[in-house]
Amino acid sequence: MKRHANGNDVVRISISLPSDLLDGFERTMKRIGFTDRSKAIQTAMRAFISENEWTAESSKGAGLIELLYDPKTRNIEKALTLIQHEYNHIVTSSTHIHLDESNCLEVIIVRGNAKSIKRLARELAGNKGIKRIKINFVKVI
Ligand code: NI
């Protein structure tokens with residue numbers, strides 16, 4: 001990555017990326033109302049920073065772990081329940097929604113330090129049948 005400072009606290013960079021990624025980015029930014037690519041990239045970078053800021057291991061807070069999985073996978077429900085029991089010091093509650101025959105959504109509400117929440121999420125994600133996992137964390141300052 002090249003950086004050129006223009007003396008105005010703004011840097012100009014050039015980056016390499018797959019053309020289909022750029023196409024998708026430009027389509028999305030236009031759909032949501034951005035006309036300036038630099039502004040859209042700045043917004044995306046700020047969201048990236050704020051989404052990942054909490055992962056500093058000493059952070060304390062509360063959040064949600066969303067799991068999408070295939071309930072037809074052998075033993076998955078049992079495995080997910082056992083892991084949550086192991087982490088009962090941070091798991092507050094969970095809600096389960098049967099979406100269709102191949103999809104269950106489980107939302108786990110957690111409270112504690114980022115280190116434990118990350119470890120819990122990693123253990124849940126390691127199970128066969130998990131299609132997607134997302135963490136939303138609210139940091140307590
Ligand atoms: Ni279900």
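In each ligand, atom 1 is the first atom listed, and ligand 1 is the first ligand listed.
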Discussion item. Going by the rule salt bridge (charged side-chain N to carboxylate O under 4.0 Å, His left out), which residues pair with Lys128 if we only count those two or more places apart in sequence or in a different chain?
Written reply: none
Response to the item:
Within a distance under 2.8 Å of the Ni ion (ligand 1), the protein atoms of type N, O or S are His96 NE2, His98 ND1, Cys104 SG
Fill in: Within one Ile-Leu-Val-Met-Phe-Trp-Tyr cluster: Leu64 and Tyr87, side-chain cutoff 4.5 Å
no
Practice prompt. Indicate, with yes or no, if Ile130 and Ile65 share a hydrophobic cluster defined by side-chain heavy-atom contacts under 4.5 Å among Ile, Leu, Val, Met, Phe, Trp and Tyr.
Written response: yes
Worksheet item: So, for Cys104 and His98, which heavy atoms are closest and what is the spacing to 0.1 Å?
Response: SG-ND1, 4.0 Å
Would you mind writing out the side-chain donor-acceptor pairs for residues 23-34 within the sub-3.5 Å range, not counting sequence neighbours?
unit_1 : atom_1 : unit_2 : atom_2 : d
Glu26  : OE2    : Arg37  : NE     : 2.6
Glu26  : OE2    : Arg37  : NH2    : 2.8
Thr28  : OG1    : Gly24  : O      : 2.8

Item to complete: Output every pair passing ring pair (Phe, Tyr, Trp, His ring centres under 6.0 Å) with a member in residues 117-136, not counting sequence neighbours, ordered by first then second residue.
Response: none
